[in-house]
Every structure is written in structure tokens, then in C-alpha cells.
Student: 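Take a look at the following structure, please.
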Amino acid sequence: MKESYRICIVGGGIIGTSVAFHLAKFGENRVAVFEKSYISSGATGRCGGGIRQQWSARMNVRLAMRSVKLFERFKEDTGMDIEYTQGGYLLMAYSEEEAEKFEKNVKMQREEGLDVEILTPEMVKERYPYINTDGLVLATFCQTDGHANPHLANLGYALAARKMGVDIYTHTKVEDIIVEGGKVMGVVTDKGTFRCEVVVNAAGGWSREVAKMAGLDFPTTSYRHQIFVTESLENFFPFMAISFDGNFYMRQTKHGQFIMGQGDPDEKPGINRNVTYRFEKEMAKKMTGIFPFLKNVRIIRHWAGCYNMSPDAQPIIGCSKQVDGFCYAVGFSGHGFMLAPAVGEALAELILYGKPRKVDISYLDIERFEKGISEMEKNVV
Ligand SMILES: Cc1cc2nc3c(=O)[nH]c(=O)nc-3n(C[C@H](O)[C@H](O)[C@H](O)COP(=O)(O)OP(=O)(O)OC[C@H]3O[C@@H](n4cnc5c(N)ncnc54)[C@H](O)[C@@H]3O)c2cc1C
């Protein structure tokens, strides 16, 4: 076993493995990933797999648009088929207030070069007669949005990184970070101590605990989100449907199953991955109303994972000004899967070259909260 690396990554989810993959791709393979459980055991393997560029915050649009470019060549880059499909994303507004926000967002998204349509309820009905449009005020649609299988994407990055020389330690927990004279010197794990120059906090729902190991206080909080999947129907629903004021999202997998979830405003902070019957009852009632074809379709599996929320629901990405060598990509607030390719690329470039080459992420560093919250991301379920 090696005793030192240049870069140690805490967390083997989609973010940690994307950072590792991009570091290796740019020629730096003195890298180790430490995952306390198995690859994709965290939020990644529990997520809906949605990939959307229609955001209210400009930084999210930019990261998502770059990610789509990288998802488009994921198979070529990693060798893994991740069931990626660009069937589009339908955003549904059920109030005048939400509709107005959507129109404002579309203006900004188009400025960024995104091709987004605005649809009336009649247009939605005509295109998708199997959706009940009662109460719908307006919708937006972007054809290049889509979805993919998150397990395969996480594994794709991990296996490709390993092939390029990255060491991946599963079932290995990082218990402490060694900091001396304000500089990262190594990590202490339950399998031994490793010296390194850089630590990357990619610990998802555990990001606050890992930051604490370096003596830093991160403003991230984890909340449970539940999700279930139905038995399979014939494939006819290529896009993902989502509503923020309606509080739901849904997509059909390659194998015909429908995956869907909603947020719970009464959820208490903390890691909780139990499921509730209340969730199944509420979801089933709401979703069979809007998507009547789901009536009598059986739920086959129900699980939960964590959103790692940041104060403005935008990710926190950068390298610490207080602890030299401590970098982070956390607080993804329910959209880290879709942003992972661009985030991994940008953070790897920041670490290796001092500056990202494709997307400027300087706005997203942790210092932004010193000035208060300037822009909340609103397009989150
Ligand atoms: C129900 C649900 C639906 C979602 N739907 C979507 C969606 O449709 N689209 C989307 O983009 N996002 C979605 N998300 C959000 C997305 O899953 C996350 O933002 C993303 O997976 C975060 O990736 P990550 O690598 O940061 O975290 P994770 O996948 O949680 O990985 C972090 C890893 O760090 C490990 N770890 C933690 N502490 C330590 C330690 N001390 N030592 C070693 N390892 C450690 C954990 O075991 C974990 O595996 C959803 C999330 C949930 C819960």
C-alpha cells in the first residue's frame, strides 16, 4: 500500500470520482479516493438521475450546460454506457407567480445560449395528451435536458480513474485530516495514515463533518429526500417532468419503470435514510392525478437519500483561503449528479492550474457567504 499521494479525495460519490477522473485525465494520477462504504452508496446511488440546464441561478445554468457537453461524450471518455438520454425536461408552473419567474429564467437561460421553449397548457396537452393539465399555468421545455443512470455514471468515473492509475479505497473511512502550520499534510483513515498536499472534501451529506476535521465550519445541512420506483410500462415518456410549486419530479427509466419524488418541508436536518408510508400515499395521490396512466401501477421499491443543502441552494466549490490545500465541492442542494462532470473538471483544473479553463467557478467559493446571500436558486424540489 502506498503511503503518500499528492491528492486525497474524501468521498466516492459522483463528485469525488469525477474530480479523480478529471485529475487523472489531465495527467495527475498521484490521487487516492477514500469511500467509507461502496461506490455510489451515498446520495448518488439514491438520486433521480435528472440532468437539467433550466435553472434560476446563472452559475447553475453554466455548470449544467458544460456538464451536458461532457455527458454527451461520457461513453467515449470513460467507456461506460450510462443510459444517457436527451429526451428533454418539462418544467410545470401551477401559479401566475411561478409562471412569471419561469419567463424571467428563460430570458436568462437564452442569454446563456440555451434553447428553451415556453409552452401554454394547450400546447402541453397537444404534445402530451396523457398528462392532465388541470391547474397548469405555463410550462417550459428544453430538449437537450435528460437523464441517466447514476450508478453507472458513478462507476464509470471510478473505473476510468482507476484505469488511469488512481487508487480507490472502498470501505475506508477518513477519520481525521492532518493540518500543520495552516497546511494540509495528510489524512488519517481506519486503514492507516496517508501523507498528501491536497485534500478534497467530496463527502456529500457528511461535508460538514469532514470540513470540521480540518478545523473549518461549513454552512451545509443534510435533509432526507424520499423517492420510489414503479413496475415497468411500455416506454413512451422520454422526458423528465418537474414542478417546484407542485413539488414533484418524475421520469421513466430505460427499462420502463417510473421514478418519482417530492420534497418534505417538515423534514428535520440530519442523516435519515428510513422511508415513510405517508410519502407513498401523498406521492401516489398527487401523481395519479397529474399522470392518470399511473393508476394501478405498483410501487416496487422505495428508498431515501440526503440532499446536502447550502444556504443559497447553489454548490460550494473552491479551495480554502484558511487551510492551504483544503479543497471542496459540497452543498449540491439536490442537483449534484447533473453538475458533476463540469464540477469535477473545474475543480481538477483549479487544483492543477490555479484556475478553471472552461467554467469560471470563483463565485461559488465559500467566501461568498461572508457578504450574505445574494442569489437563491429557486428551481429545486
Ligand atoms: C432522492 C434524491 C433524488 C435526487 N435527484 C437528483 C437528480 O435527479 N439530479 C441530480 O443532479 N441530483 C439529484 N439528487 C442529488 C444528488 O444525488 C447529489 O447532489 C449528488 O449525488 C452528490 O454527489 P456527492 O458525490 O457529493 O455525494 P454522495 O454521492 O453522497 O457521495 C459522498 C460519499 O462520501 C462518503 N463519505 C462521507 N464521509 C466520508 C468519510 N469520512 N470517509 C470516507 N468516505 C466518506 C459517503 O459514504 C458517500 O458515498 C438527488 C438526491 C436524492 C437524495
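Whatever order the structure lists them in is the order used to number ligands and atoms, beginning at 1. Computed over heavy atoms, backbone and side chain alike; hydrogens, waters and symmetry mates excluded.
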Student: Short list, please: which atoms of ligand 1 are under 4.0 Å from a heavy atom of Ile227?
Tutor: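 Those qualifying, in numeric order: 1 (C).
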
Student: Below 4.0 Å from any atom of ligand 1, is there a heavy atom belonging to Thr172?
Tutor: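 It does; at least one heavy atom falls under 4.0 Å.
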
Student: May I ask you to check whether Met338 has an N/O atom sitting below 3.5 Å from an N/O atom of ligand 1?
Tutor: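 It does: an N or O of Met338 is found under 3.5 Å from an N or O of ligand 1.
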
Student: So which protein heavy atom does atom 3 (C) of ligand 1 come closest to, and at what separation?
Tutor: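 The protein heavy atom lying closest is Tyr249 OH, 3.3 Å.
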
Student: Classify the ring geometry between Phe293 and Phe258 as parallel (under 30°), tilted (30 to 60°) or perpendicular (over 60°).
Tutor: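 Ring orientation of Phe293 relative to Phe258: tilted.
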
Student: Between Glu111 and Lys107, is there a salt bridge with N-O shorter than 4.0 Å?
Tutor: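 Yes, Lys107 and Glu111 are salt-bridged.
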
Student: Based purely on interatomic distance, does Gly336 place a nitrogen or oxygen under 3.5 Å from a nitrogen or oxygen of ligand 1?
Tutor: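 Yes; at least one N/O pair falls below 3.5 Å.
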
Student: Taking the six-membered ring of Trp55, is NZ or CZ of Arg58 closer than 6.0 Å to its centre and within 45° of its axis?
Tutor: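 Ring-cation test returns no.
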
Student: What is the nearest protein non-hydrogen atom to atom 5 (N) of ligand 1, stated with its residue, atom name and distance?
Tutor: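 The answer is Gly48 N, 3.0 Å.
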
Student: Does any N or O of ligand 1 fall below 3.5 Å from an N or O anywhere on Val174, backbone included?
Tutor: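 Yes, since at least one N or O of Val174 sits under 3.5 Å from an N or O of ligand 1.
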
Student: Report yes if some heavy atom in the side chain of Asp115 is under 4.5 Å from a heavy atom in the side chain of Thr144; otherwise report no.
Tutor: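 With C-beta onward as the side chain, the pair stays apart.
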
Student: Does Glu35 approach ligand 1 within less than 4.0 angstrom via side chain, backbone, both or neither, non-hydrogen atoms only?
Tutor: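 The answer is both, backbone and side chain.
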
Student: Looking at Phe239 and Tyr89, what are the two nearest heavy atoms and their distance?
Tutor: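 Taking Phe239 first and Tyr89 second, the nearest heavy atoms are CB-N, 4.3 Å.
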
Student: Please report which non-hydrogen protein atom sits nearest to atom 26 (O) of ligand 1, along with the residue it belongs to and the distance in Å to one decimal place.
Tutor: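 It is Ile15 CG1, 3.4 Å.
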
Student: Test of understanding: given a 4.0 Å heavy-atom threshold, classify the contact between Ile14 and ligand 1 as side chain, backbone, both, or neither.
Tutor: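 Both backbone and side chain.
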
Student: For ligand 1 and Lys36, I'd like to know whether there is a polar contact (N/O to N/O, distance under 3.5 Å).
Tutor: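 Checking ligand 1 against Lys36, an N or O pair does fall under 3.5 Å apart.
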
Student: Using the rule given for salt bridge (charged side-chain N to carboxylate O under 4.0 Å, His left out), can you reason through Asp217 versus Arg208, listing the C-alpha separation, both sets of side-chain angles and the distance that settles it, and then say yes or no?
Tutor: CA-CA 7 Å; Asp217 186 19; Arg208 194 167 203 158; 3.3 Å; yes

Student: Can you list the ligand 1 atoms lying under 4.0 Å from a non-hydrogen atom of Arg46?
Tutor: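 Near Arg46, the atoms of ligand 1 are 1 (C), 2 (C).
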
Student: Measuring from non-hydrogen atoms of Tyr38 to any atom of ligand 1, is the shortest distance under 4.0 Å?
Tutor: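 It does not, in that no heavy atom of Tyr38 comes within the 4.0 Å cut-off of ligand 1.
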
Student: Are Cys319 and Cys327 close enough that their SG atoms are less than 2.5 Å apart?
Tutor: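 Between Cys327 and Cys319 there is a disulfide, given that their SG atoms are under 2.5 Å apart.
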
Student: First locate atom CD of Gln314, then atom CE of Met59, and finally report the distance between them rounded to the nearest 0.5 Å.
Tutor: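 The distance works out to 8.0 Å.
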
Student: Tell me whether Val330 shares a hydrophobic cluster with Val179, the cluster being built from Ile, Leu, Val, Met, Phe, Trp, Tyr side chains joined at under 4.5 Å.
Tutor: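 In one cluster with Val330: Val179, yes.
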
Student: For ligand 1 and Gly50, I'd like to know whether there is a polar contact (N/O to N/O, distance under 3.5 Å).
Tutor: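 In this structure, Gly50 places an N or O atom under 3.5 Å from an N or O of ligand 1.
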
Student: Starting from atom 17 (O) of ligand 1, what is the nearest protein heavy atom, named by residue and atom, and what distance separates them?
Tutor: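 Sorting protein heavy atoms by distance from atom 17 (O) of ligand 1 puts Cys47 CB, 3.1 Å first.
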
Student: Salt-bridge test for Asp264 and Arg278: reply yes if a basic N is under 4.0 Å from a carboxylate O, no otherwise.
Tutor: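 Judged by the 4.0 Å cut-off on N to carboxylate O distance, Asp264 and Arg278 do form a salt bridge.
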
Student: Can you report which non-hydrogen protein atom sits closest to atom 38 (N) of ligand 1, along with the distance?
Tutor: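 Answer, as residue, atom name and distance: Trp206 CB, 3.6 Å.
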
Student: Any idea which of Gly42, Gly12, Ala202 brings a heavy atom closest to atom 32 (C) of ligand 1?
Tutor: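 Among Gly42, Gly12, Ala202, the closest heavy atom to atom 32 (C) of ligand 1 comes from Ala202.
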
Student: Working to the nearest 0.5 angstrom, can you tell me the gap between Ser56 OG and Asn379 CG?
Tutor: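 Spacing of OG (Ser56) from CG (Asn379) equals 4.5 Å.
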
Student: Which label fits Tyr169 and Phe34: parallel for a plane angle under 30°, tilted from 30 to 60°, or perpendicular past 60°?
Tutor: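 Answer is parallel, since the angle falls under 30°.
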
Student: What is the nearest protein non-hydrogen atom to atom 52 (C) of ligand 1, stated with its residue, atom name and distance?
Tutor: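 Protein heavy atom at minimum distance: Tyr307 CE1, 3.5 Å.
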
Student: Please classify the Cys306 to ligand 1 contact at 4.0 Å (heavy-atom distances, strictly less than): side chain, backbone, both or neither.
Tutor: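 Within the 4.0 Å criterion, Cys306 contacts ligand 1 through backbone atoms alone.
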
Student: Report, in ascending order of atom number, the atoms of ligand 1 lying under 4.0 Å from any heavy atom of Phe332.
Tutor: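 Result: 19 (O).
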
Student: Are Ile316 and Met338 grouped together when hydrophobic residues (ILVMFWY) are joined by side-chain heavy atoms under 4.5 angstrom apart?
Tutor: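 Ile316 does not cluster with Met338.
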
Student: Do Lys36's NZ or CZ and the ring of Trp206 fall within the cation-pi criteria of under 6.0 Å and 45°?
Tutor: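 Cation-pi check for Lys36 and Trp206: passes.
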
Student: As a check for students: among Thr44, Val33, Thr189, identify the option with a heavy atom nearest to atom 22 (C) of ligand 1.
Tutor: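 Residue with the shortest heavy-atom distance to the ligand atom: Thr44.
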
Student: Out of all atoms in ligand 1, which are within 4.0 Å of some heavy atom of His225? Include the element for each.
Tutor: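 What qualifies from ligand 1 is 1 (C).
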
Student: Between the candidates Val10, Val19, Asn154, which shows the shortest non-hydrogen contact distance to atom 40 (C) of ligand 1?
Tutor: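 Considering heavy atoms of Val10, Val19, Asn154, the nearest to atom 40 (C) of ligand 1 sits in Val10.
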
Student: Tell me if the aromatic rings of Phe279 and Tyr277 count as close, with their centers under 6.0 Å from one another.
Tutor: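 So the answer is no for these two rings.
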
Student: Which protein non-hydrogen atom lies closest to atom 30 (O) of ligand 1, naming both residue and atom, and how far is it?
Tutor: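 The answer is Ala43 N, 2.8 Å.
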
Student: What are the atoms of ligand 1, with element, lying closer than 4.0 Å to any heavy atom of Gly305?
Tutor: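 With Gly305 as reference, the close atoms of ligand 1 come out as 53 (C).
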
Student: Between Phe218 and Tyr307, is there a shared hydrophobic cluster once you connect ILVMFWY residues whose side-chain heavy atoms come closer than 4.5 Å?
Tutor: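 Shared cluster, no.
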
Student: Return yes or no for this condition: an N or O of Phe337 is under 3.5 Å from an N or O of ligand 1.
Tutor: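 It does: an N or O of Phe337 is found under 3.5 Å from an N or O of ligand 1.
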
Student: Hey, what do you get for NZ (Lys125) to OH (Tyr130), rounding to the nearest 0.5 Å?
Tutor: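 The OH atom of Tyr130 is 11.0 Å from NZ of Lys125, to the nearest 0.5 Å.
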
Student: Which one of Gly204, Gly261, Ser40 has a non-hydrogen atom at the shortest distance from atom 27 (O) of ligand 1?
Tutor: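 Minimum heavy-atom distance to atom 27 (O) of ligand 1 goes to Gly204.
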
Student: How close does the nearest protein non-hydrogen atom get to atom 12 (N) of ligand 1, and which residue and atom is it?
Tutor: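 Going atom by atom, the protein heavy atom closest to atom 12 (N) of ligand 1 ends up being Gly334 O, 3.2 Å.
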
Student: Pull out every atom of ligand 1 sitting under 4.0 Å from any heavy atom of Gly49, numbered as shown with elements.
Tutor: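 What qualifies from ligand 1 is 7 (C), 8 (O).
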
